[in-house]
Amino acid sequence: MPDYFALQGSVPEFNTPLPVGQLYFPSRERYKRALRKIFDRQYYTNQGPIVRELENRLEKLLGVKNVICVNNATIGLTITAEALELFGKVILPAFTFIASAQSLMWAGLQPVFCDIDRVTLQMDMKHLHSLIDQNVSAIMGVNLWGGACSPHVLEKMAKDYKVHLYFDSAHAFGCAVNGKMIGNFGEAEVFSFHATKILCATEGGCVCSNDDDLAMRIRNIRSSYGSGALIKVIKTANGRMSEAQAAIALMSLDDFPENQKHNAELYMTYKELLSSIAGLDLVEPSGVSFSNYQYVVCIIDEGQFGISRDLLLRVLRAENILVRRYFYPGLHRTTPFADNIPDKLKRLTNTDKVCESCMQLPVGALVSVEDVGRICKIISAAHNNAPDLFVQFGEEH
Ligand code: T4K
């Protein structure tokens, strides 16, 4: 067999690494212009005019009464749990970023992990239903991969069981469900504006809520003078977004329509080029009428594809295509959560299967349609040469 792949010693397909994640960079000129205003005003942080402009624009765009900007989504989730005055257990999927569950730990709450649906990769409603008892005070819905976890169903369930409902919507900025913008469901929703997200503030995020009292508590826990009435809260934190973060977020917001369109085009290109490959399924952003296509996720069936997800990962990474296997091995198998989970809840069949077989492909402003063509060519070659790759590398770990 010729040394076709970089893993076999050939030259990598890409000279520079192609990461997973949005990584949007405005031009230096725009960046300088935005930052100059901060220096002219000599005002870096604490609910300055740029943060206020960002909050106002987001409220209008999302059609939500309150947007509270924060310095990352993890603190946004923690502050929201505090402001909701939760107690005991909170149900969330095991298939999510560790920050979703860590926010509960910081708020003194116990995470309870729910399984996911094999096709949509969103929370499994039937399993969620079975986990509710009198010690559960809330459900944290997680809207993953530019899709949504049936927020209308969750709203009904929360009402029936009289539990709180809020959402980790770190992956869902700009998405809509039957025309209603994400940001308006449950009591609150939290977006991430991390560098790898479609709305980028370098680090950052926001909490959205249509409940004015809850929003007031969140603002006071976040701390920032001049951002509404002062009310009594037990704990406060520093969750403030700086003017520099907000300035970048505003540029990213201006370019959101273009970046969303670009992501959608990349997704369609992947779909067209990968659809005929046996054992590789591209995951559709589910449950939304509009997606940001922030992530491109695929599932590898080793039996049909010919090599495992992990070997394909090695093949691609050697080509400088930095694919990821978010959120392996699932939070129910991750320290510190795994130690405290009773045996009967340790096995989450669908989460376990998906964690062993899913992979995220490059997408975002730094990736071109031509790049996607080259990535798909390597994936297709790996499938065609699977028997040889398996013999050469299949037994290695
Ligand atoms: N809930 C969910 C469901 C989430 O996915 C996340 C975060 C959160 C809550 C919490 O949101 P934040 O508190 O972070 O706002 C990344 C991100 O750090 C994290 O925000 C994200 N989810 C998670 C899914 O992915 P890493 O460890 O993969 O990121 P990192 O730094 O390795 O970057 C990814 C790739 O991009 C690497 O190849 C390096 C490259 N990169 C990254 C940055 C930041 C660059 O080339 N330039 C850059 O500036 O976690």
Side-chain angles (χ1 to χ4, degrees), residues 14 16-26 31 68-81 90 92-107 111 113-114 116 121-123 140-149 166-173 175 182 188-208 222 237-242 244-245 248-249 252 285 292 294-297 313 316-317 319-328 330-331 334 351 354-355 358-367 371:
F14 292 90
T16 50
L18 205 57
V20 166
Q22 298 290 303
L23 301 177
Y24 155 88
F25 291 92
Y31 186 73
I68 302 128
C69 283
V70 286
N71 48 27
N72 58 63
T74 311
I75 200 145
L77 288 164
T78 310
I79 288 174
T80 303
V90 175
L92 76 166
F95 188 60
T96 180
F97 193 53
I98 192 160
S100 318
Q102 282 294 354
S103 71
L104 299 175
M105 305 296 274
W106 281 107
F113 296 115
C114 162
I116 51 166
L121 313 192
Q122 310 285 350
M123 289 167 102
M140 182 201 288
V142 183
N143 293 310
L144 285 174
W145 317 123
C149 59
Y166 66 115
F167 291 89
D168 175 343
S169 297
H171 292 190
F173 181 79
C175 300
I182 290 188
E189 297 205 53
V190 180
F191 292 113
S192 169
F193 303 155
H194 181 258
T196 54
K197 303 293 186 288
I198 191 158
L199 185 62
C200 165
T202 67
E203 291 280 2
C206 75
V207 187
C208 300
R222 172 193 64 175
N238 176 0
R240 293 185 291 265
M241 177 182 271
S242 76
Q245 288 173 306
I248 292 185
S252 178
N292 56 23
Q294 186 170 274
Y295 287 95
V296 174
V297 187
L313 208 92
L316 292 168
R317 282 188 182 165
E319 305 292 344
N320 266 331
I321 305 163
L322 302 186
V323 286
R324 284 292 175 102
R325 50 175 196 178
Y326 293 124
F327 303 110
Y328 179 85
L331 295 186
T334 305
T351 305
V354 169
C355 284
C358 98
M359 186 170 84
Q360 288 72 28
L361 298 165
V363 63
L366 297 185
V367 180
D371 292 336

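This one's a predicted model, so the numbers in the text were calculated from it and none came from an experiment. Indexing begins at 1, ligand by ligand and atom by atom, following the structure's order. Quick note: residue numbers are just sequence positions, from 1.
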Which pairs of N or O atoms, one from ligand 1 and one from the protein, are separated by less than 3.5 Å, and what is the distance for each pair?
{"residue": "ligand 1", "atom": "1 (N)", "partner": "Asp168", "partner atom": "OD1", "Å": "3.2"}
{"residue": "ligand 1", "atom": "1 (N)", "partner": "Asp168", "partner atom": "OD2", "Å": "2.6"}
{"residue": "ligand 1", "atom": "5 (O)", "partner": "His171", "partner atom": "NE2", "Å": "2.8"}
{"residue": "ligand 1", "atom": "13 (O)", "partner": "Ala73", "partner atom": "N", "Å": "3.3"}
{"residue": "ligand 1", "atom": "13 (O)", "partner": "Thr74", "partner atom": "N", "Å": "3.0"}
{"residue": "ligand 1", "atom": "13 (O)", "partner": "Thr74", "partner atom": "OG1", "Å": "2.5"}
{"residue": "ligand 1", "atom": "15 (O)", "partner": "Ala73", "partner atom": "N", "Å": "3.0"}
{"residue": "ligand 1", "atom": "15 (O)", "partner": "Ser192", "partner atom": "OG", "Å": "2.8"}
{"residue": "ligand 1", "atom": "18 (O)", "partner": "His194", "partner atom": "NE2", "Å": "3.3"}
{"residue": "ligand 1", "atom": "20 (O)", "partner": "His194", "partner atom": "ND1", "Å": "3.4"}
{"residue": "ligand 1", "atom": "20 (O)", "partner": "Lys197", "partner atom": "NZ", "Å": "3.3"}
{"residue": "ligand 1", "atom": "22 (N)", "partner": "Lys197", "partner atom": "NZ", "Å": "3.0"}
{"residue": "ligand 1", "atom": "25 (O)", "partner": "Tyr326", "partner atom": "OH", "Å": "3.2"}
{"residue": "ligand 1", "atom": "28 (O)", "partner": "Arg324", "partner atom": "NH1", "Å": "2.4"}
{"residue": "ligand 1", "atom": "28 (O)", "partner": "Tyr326", "partner atom": "OH", "Å": "2.4"}
{"residue": "ligand 1", "atom": "32 (O)", "partner": "Arg324", "partner atom": "NH2", "Å": "2.9"}

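- For Arg317, there are no salt bridge (Lys or Arg N to Asp or Glu O under 4.0 Å) partners two or more places apart in sequence or in a different chain.
- Sorted by first and then second residue, the side chain to side chain donor-acceptor pair (under 3.5 Å) pairs with a member in residues 69-80 form an empty list; sequence neighbours excluded.
- For the pair Asn292 (side chain) and Cys175 (backbone), a donor-acceptor distance under 3.5 Å is absent.
- Using modelled atom types, one side-chain atom of Gln245 and one backbone atom of Ser242 make a donor-acceptor pair closer than 3.5 Å.
- With sequence neighbours excluded, the residues that form a side-chain contact (heavy atoms from CB on, under 4.5 Å) with Ser252 are Tyr24, Leu199, Cys200.
- Between Trp145 and Phe97, the ring center distance fails the sub-6.0 Å criterion.
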